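No hydrogens, no waters, no symmetry mates; every other heavy atom, side chains included, goes into these values. These figures come from a predicted structure and were not determined experimentally.
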Amino acid sequence: MTGISPELASTIAAIVDEGSLDAAARALHITPSAVSQRLKSLEQQLGQVLIVRGRPARATAAGESVIRMARQIALLEHDALSALGLDTAGGRVSIPLAVNADSMATWFLAPLARLAEEHDIDFDLHRDDQTFTARLLESGEVMAAVTSEQSPVAGCTVAPLGVLRYETMATPAFVKRWFPDGATEAALQRAPFVDFDRRDTLQHSWLRSRGLDEQGIPRHYVPASYDYAQAVLLGLGWGMLPGSQATDAAASGAAIPLGGDPIHVPLYWQQWNLRSSLLDAIATEVIAEAARVLN
């Protein structure tokens, strides 16, 4: 069997990135029929289905391997052009990264902004819970991730970032209404709290540390980090605020701690084990920023 054409591999990546064959055609500046023909050609060559058509289109396990190859080729090509002193502006490289929502809201964007000033680079951020971002590395959907997984994903390296600290906070008015005698067991069973989404377990862990089960306790779901903090600061419920959000809220008097132990979530940087000066530059900047802001 002949090798996989980089052009065909990049087409598979474009289909998944853009969500459909038509959108991939627009991004690649070719016709939809050309995209379809490239997909058909590579699937016939490999004897495997690469794309499951849907809304959006998604890669099969075989397709994920091809996409990972396409991303690696694009990254290495960018590195080579840079090393040769050639202009890469006409072929800016896209770097997909996975990050948890709280890191994105509190510290992760600053190092990316600095990197974008120095390199011809477009960041494609994928947001997920820190316990799930490693899956995006396994699939080849991203090249690096902020994750709570200490064990390296196959084919990846791992470096510690630090610890994101969460404090249990509520507004003074909320505390006055729901916790006049403090955050007692009876009060916590009645007072509503704010959950990020149905995979968020921070509030559940804090309740269990107080000897309570979260089942049956009123809650609101607010699945965006900034909006989550706003919901707590508006008195919708109590919740766990991370890092600078908790510090700023306490300093301004907008929210006060409910007591109990904070929750500490260790974070790690995992990236493809690939000799790439650009990927290493991203890691260096992200790790340095984390060292400045994480406990």
Side-chain angles (χ1 to χ4, degrees), residues 98-108 126-136 138 145-151 161-268 294-295:
V99 59
N100 59 307
D102 290 332
S103 289
M104 191 186 301
T106 55
W107 67 273
F108 189 71
H126 297 246
R127 188 190 67 192
D128 207 336
D129 186 88
Q130 62 267 8
T131 58
F132 293 94
T133 49
R135 171 67 187 99
L136 300 176
E138 293 174 338
V146 176
T147 175
S148 60
E149 294 293 324
Q150 183 177 8
S151 299
L161 290 173
V163 175
L164 191 55
R165 175 188 174 102
Y166 289 83
E167 290 279 1
T168 312
M169 310 286 287
T171 64
F174 187 90
V175 171
K176 182 178 180 180
R177 175 185 177 186
W178 292 99
F179 302 115
D181 300 316
T184 63
E185 180 176 327
L188 285 168
Q189 289 176 328
R190 296 191 303 268
F193 66 92
V194 186
D195 251 347
F196 184 81
D197 59 26
R198 285 166 177 78
R199 296 193 297 187
D200 179 20
T201 60
L202 285 172
Q203 286 68 226
H204 308 173
S205 297
W206 186 82
L207 284 167
R208 289 168 189 160
S209 74
R210 307 293 294 264
L212 292 169
D213 190 307
E214 76 278 2
Q215 296 299 322
I217 298 178
R219 74 196 68 187
H220 308 282
Y221 291 101
V222 183
S225 186
Y226 173 80
D227 297 328
Y228 179 95
Q230 285 297 106
V232 173
L233 297 179
L234 289 171
L236 191 63
W238 63 265
M240 309 290 296
L241 296 185
S244 59
Q245 288 183 349
T247 301
D248 294 345
S252 67
I256 56 178
L258 290 186
D261 293 333
I263 290 181
H264 299 88
V265 178
L267 296 176
Y268 302 88
L294 296 181
N295 294 323

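The closest donor-acceptor contact from the side chain of His220 to the backbone of Gly237 lies at 3.5 Å or more, if one exists at all. Under the 3.5 Å distance criterion, the side-chain polar atoms of Thr184 are matched with a main-chain donor or acceptor of Ala187. Using modelled atom types, one side-chain atom of Ser209 and one backbone atom of Trp206 make a donor-acceptor pair closer than 3.5 Å. A donor-acceptor distance shorter than 3.5 angstrom exists from the side chain of Arg219 to the backbone of Glu214, with no hydrogens or angles considered. A donor-acceptor contact shorter than 3.5 Å is absent between the side chain of Arg127 and the backbone of Met104.
To the nearest 0.5 angstrom, Ser148 atom OG is 7.0 Å from Asp129 atom CG. If you take CG on Asp213 and CZ on Arg208, they are separated by 6.5 Å, rounding to the nearest 0.5 Å. The distance from atom CE of Met240 to atom CG of Leu164, rounded to the nearest 0.5 Å, is 10.5 Å. One distance of note links CG of Leu207 with CD of Gln189; it measures 9.5 Å at 0.5 Å rounding. Atom CH2 in Trp178 sits 13.0 Å away from atom CH2 in Trp238 (nearest 0.5 Å). Expressed to the nearest 0.5 Å, how far OG1 of Thr106 lies from CG of Asn100 amounts to 7.5 Å.
The shortest distance between side-chain heavy atoms of Val232 and Phe193 does not fall below 4.5 Å. Between Ile217 and Leu188 the shortest side-chain heavy-atom distance does not fall below 4.5 Å. The shortest distance between side-chain heavy atoms of Tyr268 and Ser151 does not fall below 4.5 Å. A 4.5 Å side-chain heavy-atom check between His204 and Asp195 finds at least one atom pair inside the cut-off.
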Trace of the side chain to side chain contact (heavy atoms under 4.5 Å, CB included) decision for Leu267 with Ser103: CA-CA 9 Å; Leu267 296 176; Ser103 289; 3.4 Å; yes
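Open room surrounds OH on Tyr226; 12 or fewer heavy atoms of other groups in view lie less than 6.0 Å from it.
Between Asp200 and Tyr228, the side chains place no donor N or O within less than 3.5 Å of an acceptor N or O (distance only, hydrogens not considered). A donor and an acceptor atom, one from each side chain of Thr133 and Asp128, are nowhere located under 3.5 Å apart.
Remark: Thr171 pairs with no residue by the side chain to side chain donor-acceptor pair (under 3.5 Å) rule, at least two apart or across chains.
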